[in-house]
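Side chains included, hydrogens not; waters and symmetry mates left out as well; all remaining heavy atoms used.
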Amino acid sequence: MIDTQRKEERERKKDKTRKRMHVEIDPENYEYTPAKKAIDYYDNNTPQRVGIYVRVSTDDVRQTTSFELQKQYYEEFVQKHPNWTLIKIYPDEGISGTSLRHRDQFNQMISDSRAGKLDLIITKSVSRFARNVVDCIGLPRDLAELKPPVGVFFESEAIFSLNDDSQMALSFVATMAEEESHTRSRSMETSLRMRLDHGIPLTPKLLGYMHDEDGNLIINPEEAPTVKLAFYMYLYGYSTQQIADTFNELQRKSYLGNVKWTSSGIVQILRNERHCGDVITRKTFTPNYRDHKSVRNRGERPQSTYRKHHEGIVSRDDFIAVQRMLDNAKYRNKSFLPELRVIESGILKGFVVINPRWAGFKEQDYYEAAQSVYKPSNEQSDTLELPPAEIPIPIEAGDFDLRGFEITRSEFFDSNQRPSITFAEKKIKFSTDCVRKFGNNNYVELLINPIEKKFAVRTTTKENRQAVICSQLDARKYLPKTISASAFSDTIFSIFGWNPECKYRIIGSLYEEGNQIAYIFDTDNSEIFFKSYVLTSQEANEAGGKTGIQPYTPSGKRIRAIPQEWTNSFGKPYYQHEQTLAALAAQSEADWQIRMEGQLVETGRKINVTGFEDLKQYINQELNGTLPQEVNPNE
C-alpha cells in the first residue's frame, strides 16, 4: 500500500516536470541574440591584425638563409588572406628559445599583444615560439584571457591556442620541445668534454694572439705589447683603473677594436692564463639548460690544465704574482708582493709575522716558516729542538713540600679585566687592558707560532707595512678597535684547530723590554663561546647551572666553555708553575729581544718576478719615457 502511494507520487512529480519543460514561447515578446562568432584561424572572413614571430637559435651564416626564408614565406602567407593585416614581423636571430632573456623581439610582441595591437600571432612551430614548457603553455593562456583575446597559431603542428581542444596537444608538444633542447644540451656537453679532455682545448680570439692556418694561437706583434704593458704596470704598482686610464689616453685598442677601457676590462686581461702560455678548460659552465646562466666552476665540473700550450706574452711567474695581487686587492692590500718573515731567536722565536691584508699564505706556509728556525735534534732528524719539557727546581732544607698544591688560574676570577684577545667572525679585538698598556703607540704587528699554537702581538711603527691599528682615542682614553681579519682568519682557525662558527678568547702574558711591549697568547687554554642551539636541552640546562660543575656557563647571547681539564683543577701544579718562572729567569738579555726583526723565508716554489728596474724600463719605453703617475711599489 505504502509502496503504491510512493510510486504514484513520483509519477506526478515527473509529469509536472515534463509540463514545465514544454513551455510555449510568445514570438511577439521574445528575442534571441546569438553569440559572437568565435575567432577561428581557418575563417578568412574575420578581420585580424597579425604578428609573425620568427627565430633561429644561432648566429651561424647557414641559418641566415632559414631566417630570411621564414620572413619572406610569412609575408606572402598573410597576403593570401584578404581580411588580415600584417602589423609586424618580430625576428630574433641567434637567440635560444629556452628562456625569455635577450629575446627582445619576442618580448616586444607580447607587449604589443597586451596593448591591444594584435589579434593573432603566427609562428612556424612550438619550438620556435619557446622551448620552455612554462612559457610555451603559460603565455598562450595569458594571451587568451585578454580582452579581446589574442590567439597563437603554430603552423607545423596545426594548433590554435584559442581552440578548446588545444591545451593537451600544446602541453605534449611543448614538453617534447623542451626535452629535445635538454638532449641537445647533454650531447653538446659530452662532445665538449671529449674535446677538452683529449688535448683539443678551445682557444677563441684573444687580445695579443691570432690563429695560424691550423687554428693554433700565435703572438700578434701589434697587440702583444698592450698585454705586456698591462701586466708590467700592475706589477710596478699601478691600479687597474690607472692602467685603463693610461690605455684610453694612448688609444690602445682591445681585441674588438675598441679604445674605451675600464678597470674590469684590464682585470680580464690580467686574469687570463693564456697570456702566459697556459690553457685552463671549463672555468665556467652552464648548470641549467633553460636559463643558460653561466657560473664559475668551483669543482662541479672536471677541469684540464695545459701548460706551455703556446708561447706566452708574459712569464708564468709574473702571471702567478699578478693573480696573488689581484686576490688580495679586496683586503685593501697595496700592489706589492709580501714577504714571509720568521723570528729566529729571542722570546718570539718561531713566530711568523702575519700580513693583515694578504691571503696568499696558507697553513703549510706558516708551518714551513716556523720550522725553519728550529734545528732538528741529534737523535731524530725529523724532531724539532723545542724548549726542554722539564727544568729542575732547587729546594732548600726546611722548605715546605708543595706537591699537590696548585696556582689558581686567574681566568676564574678576573678574566674580563685580564689582557686578552678575541677571535670571532673574521675579526679580532684586544681587551681594554691590552690597548691601554700600548697607550698612544697603537700600531701593532701580529705574529703566530703554528708549532707551539701561540699567537703574539708587539708594538711597531706606522711605517711597518704589516702594521694594524689596535685602538682608537675616545674621550682621552684608548679603547679597543675591531681589526678586520678576513684575509687570514680562515688560516689561523685552521692552524689552531678551531671551529669558525665559534668565538674564542685567550688570556695573554705581558713581556716588556724598555719601551717595547709584547703579549703572547697560548691557545691551549683558550675559552670558547658558542650559540646555545648547538647544545641538547639537557646540556643547555646544565649550562644554566642546574646541575653540578660543568665546563659551560652563560655569557650574554652565547655560552662560555672552558677546557675540560679546568673543571678538575684550580690551575697549574705549583712546581710546574715554578718551572715556567725558572725558564724565564734563565733567559739571557738576548733571549728577550722583543723587536727582533724576522728573517725572510721562502716556502713552496720560488717565483722569479720581473725586476723593478726592468718593469720601469719597459713601461717608460711603451709610454715614450713618461709615467702618468709615479708610484712607489714599496709603499
Can you name the nearest heavy-atom pair linking [X] to [Y], along with the distance?
X: Ile421; Y: Phe455; result: CD1-CE2, 3.5 Å
X: Ser315; Y: Cys276; result: O-CB, 4.0 Å
X: Val609; Y: Ala321; result: CG2-CB, 3.7 Å
X: Ser263; Y: Ala244; result: N-CB, 4.0 Å
X: Ser431; Y: Pro480; result: C-CG, 3.9 Å
X: Gly350; Y: Pro450; result: O-CD, 4.4 Å

Tested for side chain to side chain donor-acceptor pair (under 3.5 Å) against Asp278, the lone hit among Arg307, His309, Arg316 is Arg316
- [ ] I would like to know whether Ile483 and Phe430 meet side-chain contact (heavy atoms from CB on, under 4.5 Å); could you show each step before the answer?
- [x] CA-CA 9 Å; Ile483 302 172; Phe430 294 99; 3.8 Å; yes
Supply the atom-to-atom distance [X] [atom1] to [Y] [atom2], rounded to the nearest 0.5 angstrom.
X: Ile354; Y: Phe488; atom1: CD1; atom2: CZ; answer: 5.5 Å
X: Tyr443; Y: Ser471; atom1: OH; atom2: OG; answer: 10.0 Å
X: Gln516; Y: Asn441; atom1: CD; atom2: CG; answer: 7.5 Å
X: Glu425; Y: Cys502; atom1: CD; atom2: SG; answer: 11.0 Å
X: Tyr504; Y: Asn499; atom1: OH; atom2: CG; answer: 5.0 Å
X: Asp365; Y: Lys362; atom1: CG; atom2: NZ; answer: 9.0 Å

Problem set entry | Between Gln241 and Asp245, a side-chain donor and acceptor under 3.5 Å | yes
Main chain of [Y], side chain of [X]: is a donor-acceptor contact present, judged purely on distance under 3.5 Å?
X: Asn442; Y: Ile469; value: no
X: Ser489; Y: Ser486; value: no
X: Asn272; Y: Gln268; value: no
X: Gln323; Y: Leu270; value: yes
X: Ser494; Y: Asp490; value: no

Do [X] and [Y] have side chains that get closer than 4.5 Å, going by heavy atoms?
X: Val352; Y: Phe361; result: no
X: Met325; Y: Leu235; result: yes
X: Leu446; Y: Arg458; result: no
X: Tyr234; Y: Ile243; result: yes
X: Ile619; Y: Leu229; result: yes
X: Ile266; Y: Tyr238; result: no
X: Cys470; Y: Val457; result: no
X: Ile343; Y: Val373; result: no

Just wondering, are more than 12 heavy atoms of other shown residues or ligands nearer than 6.0 Å to NZ in Lys453?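 For Lys453, atom NZ is crowded (more than 12 foreign heavy atoms under 6.0 Å).
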**Prompt:** Which is it for His275 and Leu206 under the side-chain contact (heavy atoms from CB on, under 4.5 Å) test, yes or no, and what are the steps along the way?
**Reply:** CA-CA 9 Å; His275 287 132; Leu206 177 71; 3.8 Å; yes
Problem set entry | Audit row: Ile528, Trp498, side-chain contact (heavy atoms from CB on, under 4.5 Å) steps and yes/no | CA-CA 9 Å; Ile528 180 174; Trp498 287 348; over 6 Å; no
Taking the ring centre of each residue, are Phe438 and Tyr519 less than 6.0 Å apart?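 Yes; Tyr519 has its ring centre under 6.0 Å from that of Phe438.
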Fit a plane to each ring of Phe319 and Phe231, take the angle between them on a 0 to 90° scale, and name the class: parallel (under 30°), tilted (30 to 60°) or perpendicular (over 60°).
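Plane angle between 30° and 60°, so tilted.
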Contacts of type side chain to side chain donor-acceptor pair (under 3.5 Å), residue Thr610, not counting sequence neighbours |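 Asp318.
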* **Test log, rule side-chain contact (heavy atoms from CB on, under 4.5 Å), inputs Ile492 and Tyr366** => CA-CA 10 Å; Ile492 297 301; Tyr366 286 105; 5.6 Å; no
